[in-house]
Protein chains: 2
Amino acid sequence: MISTRGRYALRVMADIASNQEDGYVPMKDVAKRQGLSLKYLEQIIPPLTKNGMIVGVQGKGGGYRLTKKPKDYRIGDILRLTEKELAPVGCLAKGAPVCERRPQCKTIGFWEGLNDAVNDYLDSKTLEDLL
Amino acid sequence: MISTRGRYALRVMADIASNQEDGYVPMKDVAKRQGLSLKYLEQIIPPLTKNGMIVGVQGKGGGYRLTKKPKDYRIGDILRLTEKELAPVGCLAKGAPVCERRPQCKTIGFWEGLNDAVNDYLDSKTLEDLL
DNA sequence: CATTTACCTACCTTTCCGATAGGTATATTA
DNA sequence: TAATATACCTATCGGAAAGGTAGGTAAATG
């Protein structure tokens with residue numbers, strides 16, 4: 001399942017895209033428009049700035065701004081950064097220990113297929129599709 | 001995303017399919033072969049019997065048995081019965097209250113698409129594919 | 001210098017997953 | 001008929017994680 005982190009991140013990105021005419025968009029405004037907690041958003045955003053998806057400028061008149069055109073953001077990329085884990089099952093998760101039943105496991109291939117299906121869909125859509 | 005309930009259910013179904021020559025397969029044996037807790041499996045199984053996916057016979061010599069050929073079980077059907085919730089986001093869940101932001105929500109269409117993509121994949125595979 | 005913003009870190013509360021536990025009902029076999 | 005083996009039922013529980021709150025610091029602007 002997708003948590004609020006990823007869902008809110010998408011809404012934030014779409015909101016910035018819609019409001020960044022030529023200046024910077026304060027997260028305070030985004031929070032108010034979207035009806036979300038500013039403090040909570042503040043701890044969801046960092047992975048996006050650290051990976052160059054958006055730029056943040058401090059001080060008066062500051063805020064956030066996209067670094068690319070909406071069309072050039074794959075939703076999968078946004079979610080993979082903000083969501084703690086996207087894999088459908090634990091054994092396909094990032095830091096998962098190698099499952100000892102792996103050799104005899106009859107379902108792993110099926111789960112890998114599901115994982116691929118999900119990621120293919122996420123990568124087939126862009127931020128522009130949300131606007 | 002997918003919990004142990006659905007994952008174990010698949011392993012149980014595959015195990016029964018592989019061991020039900022012409023008699024009934026005791027859950028005790030399944031638990032031992034799969035390395036899972038019998039008591040936990042016992043509370044995962046009921047939805048499968050109540051919906052006619054398998055039949056359970058009590059008493060000595062009893063156990064479980066498939067009601068159809070492995071090829072006729074869509075994995076999606078098994079998971080929708082055993083998994084508490086398959087929807088990728090809360091607002092698409094079974095008993096979810098209507099979201100008040102629905103009219104202005106720009107992401108709901110995207111999530112519905114993901115939900116469809118997942119279910120399409122799950123319904124494209126059968127129990128036979130796991131054997 | 002005052003204000004506004006991003007940025008950082010700790011903590012907290014509730015939910016729920018993943019089980020454990022103890023029992024009852026029902027059928028078979030000796 | 002007694003003993004046994006099974007399915008079936010219901011309550012409880014510990015730990016982890018989600019989802020958020022809170023309070024601060026750093027930097028830029030007017």
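Keep in mind the model is a prediction, meaning the values are calculated, not measured. In what follows, chains carry the letters A, B, and so on, assigned in the order in which the sequence lines appear, proteins first and then strands, with residues in each chain numbered from 1.
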Considering only heavy atoms and no angle criterion, is a donor-acceptor pair shorter than 3.5 Å present between the side chain of B/Gln58 and the base of D/dA7? yes
Mark yes or no for whether A/Asp129, through its side chain, and A/Lys125, through its backbone, hold a donor-acceptor pair below 3.5 Å. no
B/Tyr121 and A/Phe110: aromatic ring centres closer than 6.0 Å? yes
Across the strands shown, which category fits A/Gly63 at heavy-atom distances under 4.0 angstrom: base, sugar-phosphate, nothing? sugar-phosphate
Ignoring backbone atoms, test whether A/Thr4 places a side-chain nitrogen or oxygen under 4.0 Å from the OP1 or OP2 oxygen of D/dG19. yes
Spacing between A/Leu41 atom CG and D/dA22 atom C1', to the nearest angstrom: 15 Å
Take the protein atom CG of A/Leu48 and the nucleotide atom P of C/dC8, then report the distance between them rounded to whole Å. 13 Å
Output the rounded distance in Å from CG (B/Leu36) to P (C/dA19). 8 Å
For A/Arg102, is there an ion pair with A/Glu112 - N to carboxylate O distance below 4.0 angstrom? yes
Tell me which nucleotide among D/dG30, C/dT9, D/dA5 gets nearest to the side chain of A/Lys60. D/dG30
Can you work out whether B/Gly61 or B/Lys50 has the more 5'-proximal nearest nucleotide on DNA chain D? B/Gly61
Of D/dA7, D/dA18, C/dC17, the nucleotide closest to the side chain of B/Met27 is D/dA7
How about B/Asp29 and B/Asp15: do any of their side-chain heavy atoms sit closer than 4.5 Å? no
Return yes if a side-chain donor-acceptor contact under 3.5 Å exists between B/Tyr73 and B/Thr67, otherwise no. yes
Nearest listed nucleotide, side chain of B/Lys39, among C/dA6, C/dG23, D/dG19: C/dG23
Could you state the atom-to-atom distance from CZ of A/Arg65 to C1' of C/dA6 in whole Å? 17 Å
Separation of D/dA22 C1' from A/Glu42 CD (nearest whole Å): 11 Å
Taking atom P of D/dA18 as reference, at what distance in whole Å does atom CD1 of A/Ile44 sit? 12 Å
Between atom NZ in B/Lys28 and atom C1' in C/dA27, what is the gap in whole Å? 16 Å
Would you say B/Ser37 reaches C/dT20's phosphate, i.e. side-chain N/O to OP1/OP2 under 4.0 Å? yes
Taking atom CD of B/Glu85 and atom CG of B/Leu79, what is their separation to the nearest 0.5 Å? 12.5 Å
Hey, does the side chain of A/Tyr64 come within less than 4.0 Å of C/dC7's phosphate (OP1/OP2), counting only N and O? yes
Return the value, rounded to whole Å, for the distance between atom CZ of B/Arg5 and atom P of C/dG18. 9 Å
Output field dot_bracket for DNA chain C (Watson-Crick or G-U, both distances under 3.5 Å, | for other-strand pairs) contains ||||||||||||||||||||||||||||||
Using atom types as modelled and distance alone, determine if a side-chain donor or acceptor of A/Arg65 lies under 3.5 Å from a backbone N or O of A/Gln20. yes
Report yes if a side-chain nitrogen or oxygen of B/Tyr8 is closer than 4.0 Å to either non-bridging phosphate oxygen (OP1 or OP2) of C/dA19; otherwise report no. yes
